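Before any comments, here is the structure.
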Amino acid sequence: MDILPGATRQSFVGSDLRHRTLDGHFFKMCDFRGADFRGASLRGASFAGCDLRDADLRDTDLSYARFGHVMTHDPEYGRTDVTGARWEGADLRGVTAERVIGWPDDR
């Protein structure tokens with residue numbers, strides 16, 4: 001599966017993205033429910049308004065990644081959701097999370 005550096009409103013539901021290098025990619029309103037990112041490199045990647053519920057992010061490099069929202073007419077719509085995501089062993093150094101649903105430390 002080819003993933004362009006700037007993906008908008010694409011579905012990656014249940015995708016096998018293990019060990020992929022997606023450094024600096026920008027994802028807007030994409031659906032990653034249940035996607036497997038184990039061992040992937042997502043350094044500096046940006047997730048805006050994405051659905052990452054139940055994604056497997058174990059052992060990923062998320063250093064300096066950004067998790068945020070998209071401005072819409074409804075303040076509750078457009079937020080990134082990471083509810084149920086698995087984070088064990090992920091590198092979260094320098095990560096920013098703004099208005100994210102289900103963030104491990106409720107950011």
Side-chain angles (χ1 to χ4, degrees):
M1 167 187 294
D2 288 332
I3 300 177
L4 298 175
T8 300
R9 294 191 185 274
Q10 291 188 17
S11 176
F12 302 98
V13 173
S15 293
D16 183 352
L17 302 170
R18 289 177 294 173
H19 304 289
R20 297 286 300 267
T21 299
L22 302 170
D23 297 341
H25 279 53
F26 179 80
F27 301 103
K28 180 179 176 183
M29 304 295 286
C30 291
D31 191 346
F32 291 100
R33 285 175 294 156
D36 187 350
F37 287 98
R38 284 178 293 167
S41 182
L42 295 157
R43 286 177 279 173
S46 180
F47 296 90
C50 295
D51 191 342
L52 289 134
R53 286 178 289 171
D54 300 316
D56 192 341
L57 297 160
R58 289 178 291 172
D59 300 316
T60 57
D61 184 352
L62 288 161
S63 53
Y64 304 99
R66 293 174 303 282
F67 294 85
H69 65 283
V70 175
M71 297 298 286
T72 65
H73 65 286
D74 180 351
E76 290 305 309
Y77 183 73
R79 293 174 67 184
T80 293
D81 190 342
V82 296
T83 303
R86 300 193 59 188
W87 302 92
E88 296 88 356
D91 183 349
L92 300 175
R93 174 180 28 142
V95 166
T96 57
E98 182 180 337
R99 295 182 57 198
V100 175
I101 300 166
W103 190 258
D105 65 357
D106 297 317
R107 290 185 195 196

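Residue numbers start at 1 and run along the sequence shown. Computed from a prediction, not measured in an experiment: that's the story for all the values here.
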What's the separation between atom CE in Met29 and atom OG1 in Thr80, rounded to the nearest 0.5 Å? 9.0 Å

Heavy-atom side-chain proximity of Trp87 to Val82 below 4.5 angstrom: yes

Not counting sequence neighbours, list each pair that qualifies as a ring-ring contact (aromatic ring centres under 6.0 Å, His included) and has a residue in residues 38-59. Phe27-Phe47, Phe32-Phe47, Phe47-Phe67

Decide whether Leu22 and Tyr64 are clustered together by the hydrophobic rule: side chain heavy atoms of Ile, Leu, Val, Met, Phe, Trp, Tyr closer than 4.5 Å, transitively. no

Does the distance from a Lys or Arg side-chain N to an Asp or Glu carboxylate O, for Arg33 and Asp51, drop under 4.0 Å? yes

What distance do Ser41 atom OG and His19 atom NE2 have between them, rounded to the nearest 0.5 Å? 12.0 Å

Counterpart residues, side chain to side chain donor-acceptor pair (under 3.5 Å), relative to Arg58 (two or more places apart): Asp56

Does Thr60 reach the side chain of Arg38, with side-chain heavy atoms less than 4.5 Å apart? no

Taking all non-hydrogen atoms of both residues into account, name the closest pair between Ala40 and Leu17 and its distance. CB-O, 3.7 Å

Compare all side-chain heavy atoms of Phe37 with those of Leu52 and state whether any distance is below 4.5 angstrom. yes

CZ/Phe12 to SG/Cys50 distance, rounded to the nearest 0.5 angstrom? 9.0 Å

For Ser11 and Asp31, which I'm curious about, is there any donor-acceptor pair between the side chains at under 3.5 Å? no

Sub-4.5 Å side-chain heavy-atom contact between Leu57 and Arg86: no

Any side-chain heavy atom of His69 within less than 4.5 Å of one from Glu98? yes

Nearest non-hydrogen partners of Ala90 and Leu62, listed with the distance: CB-CD1, 4.4 Å

Looking only at side chains, do Asp61 and Ser63 share a donor and an acceptor under 3.5 Å apart? yes

Where the side chain of Asp23 meets the backbone of His25, is there a donor-acceptor pair that is under 3.5 Å apart? no

What are the two closest heavy atoms between Ala7 and Cys30, and how far apart are they? O-SG, 3.4 Å

